[in-house]
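To start, the structure itself, in structure tokens.
So that the names make sense, note that chain A is the first sequence line, chain B the second, and so on, each numbered from 1.
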Amino acid sequence: MNVAHDIGWLDLSLGYLLLIVPLYFFYKYKTNLTKPTLIAVARMTVQLLFVGIYLDVIFTYNNPFINILWVVIMIFIAAFTTVKRSGLSRKIFLIPVLVSLIISILIVDFYFLGFILGMDFILEARYLIPITGMLIGNCLSNNIIALNSFYDHLSKEQLLYQYSIANGATQSEALQIFIRQALQKSLNPLIATTAVVGLISLPGMMTGQILGGSNPMVAIKYQILIMITILVSTMITVILSIKISNKFVFTPFDIPKKEIRRKDIKRITK
Amino acid sequence: MVNLDKISVSFDGVKVIEEFSMNVKRGQKVVISGPSGIGKSTILNSILGFVEIQKGSIEIDKMLLSASTIKQIRAKTAWLPQDLYFKLDSAGDLLFFPFSFAQNKNHKPTENEISEMLENLQLEQNILSKKLDEISGGQKQRVALASQLLLKKTLLLLDEPTSALDDEAQNAVIKMLRLKPELTVVSVSHNNNWNKHMDTIIELKKPS
């Protein structure tokens, strides 16, 4: 099998020279983006180097306990980030989001690795870590959009919710419209990406596999499955996050509690 | 039918309602009147369990309002809020919206019932096909009221039902309510024409 051509450290540093282009225009048009760009690139470099070191260790040992621990850490960070970025109360939302992610990843990982790929050892680091990472990354970003949409609409359109429950709706019926909006907002971009994949963009995973020496058809088959599993895991995570968190955000009279949003967050409304 | 016994409501430590009592018999049409901001809507909201009462008790149809009875109580109510800024498409959507809920599906009105209701409320027969943003506030209010009346609930709670209605339309609504002797109405209004047609006026005054 051909492997990807390695990049020397000196060659890698030459890559950074390309940043002169954006930095020049940021500076010229006084965008105030020069410093954030430098910080972002520095952070990206350090984070990825660390990940490279971790993954090297994880792949070398390929120990199921270390692999599981890595996945658990990723899920924890994803849950924290989801709650933090959506400005929701950590006390109320952390557990529901965490549980949703765990269930979603467990189901999809088992199906993908154990059932479709038929792997005897589904905790194999080379498969488990990157695939779970991709699923979690997508669940995270789409779940933030979904939770934001759901609780924003519920707050702004509380009258519609009250109108519904005062005129015969169960709580579940009254919330249906907000769940619909959240699903549309969070999954529409994913569906759009799925529809144009291969036409106007070549996905990272597939490109990575081809660079790594895989046969393009093998890479495409993996890409198809990863697109489907991203859609499924995102849907499971979003639905469960909303449904489970709903158990904690309403008063016994089915009215949303005031402390849904974190007080320290200044929300930007469009 | 509706019994409020010395209820008190505060928001962030500020007393809005203090020891308010009211007893409404079945079929009675009552209006709570008073200046703006005195807490009239808060009384309706407390009957529906939307705001928490700090003191006193609320009893609807012999059921003490609590977390365990709120669903049964709401099953008896129809509520017309003051504002109807819903993201619904047409007047028809507004009328049929409550009938999409399982509890009301069996009461879905027939075409004749709808037609008669629209006529009684002085609304054109083709209004249901119009977009909500194409009809006036008064028409919207009457379409929502038509929906509430077609639900055939026992307790109708109306928050400023005449805020967008002219006298003629108000009289049509009042006449319609009078055709339903079994229906208990608790309304909130500071409209004199409406108030004089109600059985009882409860005047809310600012605490001295």
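- B:N3 places no side-chain N or O within 3.5 Å of a backbone atom of B:N23 that could act as its donor or acceptor partner.
- Contacts between B:A78 and chain A at a heavy-atom distance below 4.5 Å involve backbone atoms as well as side-chain atoms.
- Neither the backbone nor the side chain of B:S68 has a heavy atom closer than 4.5 Å to any heavy atom of chain A.
- Note on B:G49, B:A75, B:S147: by heavy-atom pairs under 4.5 Å with chain A, the leading option is B:G49.
- Of the atoms belonging to B:D83, heavy atoms from both backbone and side chain fall under 4.5 Å from chain A.
- For B:F99, no part lies under 4.5 angstrom from a heavy atom of chain A.
- Formation of a donor-acceptor pair under 3.5 Å by the B:S90 side chain with backbone atoms of B:K131 is not found in this model.
- Only the side chain of B:Q148 comes within contact range of chain A, with at least one heavy atom under 4.5 Å from a heavy atom of that chain.
- For A:E157 (side chain) and A:L154 (main-chain N/O), no donor-acceptor pair under 3.5 Å exists by modelled atom type.
- The side-chain heavy atoms of B:L156 and B:L145, taken from C-beta on, include a pair separated by under 4.5 Å.
- Across A:Q176, A:Q158, A:E173, A:Q171, the residue that shares the most heavy-atom pairs under 4.5 angstrom with chain B is A:E173.
- Here the options are B:I53, B:I202, B:V9, the test is side chain to side chain contact (heavy atoms under 4.5 Å, CB included), and the partner is B:F20; only B:I202 passes.
- The main-chain N or O of B:Q54 is never found under 3.5 Å from a side-chain atom of B:S8 such that the two would form a donor-acceptor pair.
- Heavy atoms closer than 4.5 Å to chain A are found in both the backbone and the side chain of B:F50.
- Of the two parts of B:K87, only the side chain, counted from C-beta on, holds a non-hydrogen atom closer than 4.5 Å to a non-hydrogen atom of chain A.
- Residue A:L159 touches chain B through both its backbone and its side chain, counting heavy-atom pairs closer than 4.5 Å.
- Salt bridge absent: B:D5 and B:K55 never bring a charged side-chain N and a carboxylate O closer than 4.0 Å.
- A heavy-atom distance below 4.5 Å is not found between the side chains of A:I260 and A:S155.
- Both the backbone and the side chain of A:Q162 come within contact range of chain B, each with at least one heavy atom under 4.5 Å from a heavy atom of that chain.
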